Trainee: 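Before I ask anything, here is the structure I am working with.
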Amino acid sequence: MMNHKIFEQTALPHMPILHTYAFHLTMNSENAKDLLQETYLKAYRFWDNFEKGTNIKAWLYCIMKNSYLNLYRKEVKEPKKVEYQEYHLPYNTSQETSFDHKYLVKKKYNEIFDDEITRSIESLDDSFRDILVLSDVEGLTYEEIAKIVHCPIGTVRSRLHRSRKLLQKKLFMYAKDNRHILQES
């Protein structure tokens, strides 16, 4: 039988960092909230499967990544649906002027990453981008990342090194092309 208090004390403190990762995956505040909610619903439902004493953060990241992949696969297979209400309800201008959580998350993300850095990170292959974000943005250890992406620690280190080199090269070329770096004579 599940102890709700233990779940709350163990899993809920990781919600802010998981929200950031969900936003990175979806690049949309509402979808990030949905993904975070889906992750915690699954974690709660399968709490008895969590091995006490193991890394809860890595377990939650795995649930989130798998949930995201499942939702993405589902979206690819289904055609885009448009609700009748989207076309026939009057436009609500009060929604546009409110400063809600979505705005604050996007603002924080933009403060951390300049547009070119974001574009450069997003242009990386998924396997490199995920490891780079989990390590350098989320601050996870090699062991945690290895559990999340289901690969050996050596592969994590190799991909992280390669992704940093690729990112460095992309940003160097951007800086050079935009004359942020003077040409050597």
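For the single chain, residues carry numbers from 1 onward in sequence order. Quick caveat: nothing in here was measured; it's all calculated off a predicted structure.
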Trainee: Can you tell me how far the CZ atom of Phe7 sits from the CG atom of Leu12, to the nearest 0.5 Å?
Mentor: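 Result: 5.5 Å between the selected atoms.
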Trainee: To the nearest 0.5 Å, tell me how far Tyr40 OH sits from Leu18 CG.
Mentor: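 Here the rounded value is 4.5 Å.
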Trainee: Ser127 versus Val149: any side-chain heavy-atom pair under 4.5 Å?
Mentor: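 No, every pair of side-chain atoms sits at 4.5 Å or beyond.
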Trainee: State, yes or no, whether a side-chain contact exists between Leu166 and Lys169 at a heavy-atom distance under 4.5 Å.
Mentor: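 No, every pair of side-chain atoms sits at 4.5 Å or beyond.
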Trainee: Do Ile153 and Trp59 belong together in a cluster built from hydrophobic side chains that touch within less than 4.5 Å?
Mentor: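 Per the 4.5 Å side-chain linkage, Ile153 and Trp59 are co-clustered.
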Trainee: Return each pair, listed once, that meets side chain to side chain donor-acceptor pair (under 3.5 Å) where at least one residue sits in residues 5-18; pairs must be two or more places apart or across chains.
Mentor: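 Every candidate side chain to side chain donor-acceptor pair (under 3.5 Å) pair involving residues 5-18 fails, so no pair, neighbours aside, qualifies.
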Trainee: Between Asp136 and Leu160, is any pair of side-chain heavy atoms under 4.5 Å apart?
Mentor: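 Yes, their side chains come closer than 4.5 Å.
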Trainee: Measure the CG-CZ distance between Leu132 and Arg164 for me, rounded to the nearest 0.5 Å.
Mentor: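 CZ of Arg164 is found 7.0 Å from CG of Leu132.
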Trainee: With hydrophobic residues grouped by side-chain heavy-atom distances under 4.5 Å, do Ile17 and Leu41 end up in a single group?
Mentor: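 No, Ile17 does not connect to Leu41 through the hydrophobic network.
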Trainee: Sub-3.5 Å donor-acceptor pair from the side chain of Ser123 to the main-chain atoms of Ser120, do we have one?
Mentor: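 Side chain of Ser123 to backbone of Ser120: a pair is present.
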Trainee: Judged by atom type as modelled, is there a donor-acceptor pair below 3.5 Å linking the side chain of Ser67 to the main-chain atoms of Ile63?
Mentor: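 Looks like yes, one N/O pair under 3.5 Å.
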Trainee: Do Lys170 and Ile121 have side chains that get closer than 4.5 Å, going by heavy atoms?
Mentor: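 They are not in side-chain contact.
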Trainee: Rounded to the nearest 0.5 Å, how far apart are OG1 of Thr141 and CG of Asn55?
Mentor: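 Those atoms lie 6.5 Å apart.
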Trainee: Would you say the rings of Trp47 and Phe50 are close, in the sense that their centroids are separated by under 6.0 Å?
Mentor: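 Yes, they do, as the ring centres are separated by less than 6.0 Å.
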Trainee: What pair of heavy atoms forms the shortest contact from Pro13 to Pro16, and how long is it?
Mentor: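 Scanning both residues, the minimum pair turns out to be O-CD, 3.5 Å.
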Trainee: Measuring only between side-chain heavy atoms, which start at C-beta, is Val137 closer than 4.5 Å to Tyr21?
Mentor: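 Side-chain contact under 4.5 Å: no.
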Trainee: Could you name each residue pair satisfying salt bridge (charged side-chain N to carboxylate O under 4.0 Å, His left out) that touches residues 146-161, not counting sequence neighbours?
Mentor: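 Sorted result for residues 146-161: empty, none.
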Trainee: Quick one: closest heavy-atom pair of Ala146 and Pro152, and the distance?
Mentor: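 Distance-wise, the nearest heavy atoms are CB-C, 4.3 Å.
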Trainee: Side chains of Tyr61 and Glu144, heavy atoms from C-beta outward: is any pair under 4.5 Å?
Mentor: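 Counting from C-beta outward, Tyr61 and Glu144 never come under 4.5 Å.
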Trainee: Taking all non-hydrogen atoms of both residues, which atom of Leu124 and which atom of Arg129 are closest, and how far apart?
Mentor: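 Smallest interatomic distance, heavy atoms only, reads O-NH1, 3.1 Å.
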Trainee: Is any NZ, NE, NH1 or NH2 atom of the basic residue among Glu122 and Arg119 found under 4.0 Å from an Asp or Glu carboxylate oxygen of the other?
Mentor: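 Salt bridge: no.
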Trainee: If you measure from CG on Leu35 to CG on Asn31, what distance do you get to the nearest 0.5 Å?
Mentor: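 Answer for the CG-CG pair, Leu35 versus Asn31, is 8.5 Å.
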Trainee: Rounded to the nearest 0.5 Å, what separates atom OG1 in Thr39 from atom CE in Met15?
Mentor: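 Rounded to the nearest 0.5 Å, the OG1-CE separation comes out at 9.5 Å.
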Trainee: Within the 4.5 Å heavy-atom criterion, are Tyr68 and Thr26 side-chain neighbours or not?
Mentor: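 Tyr68 reaches Thr26 side chain to side chain.
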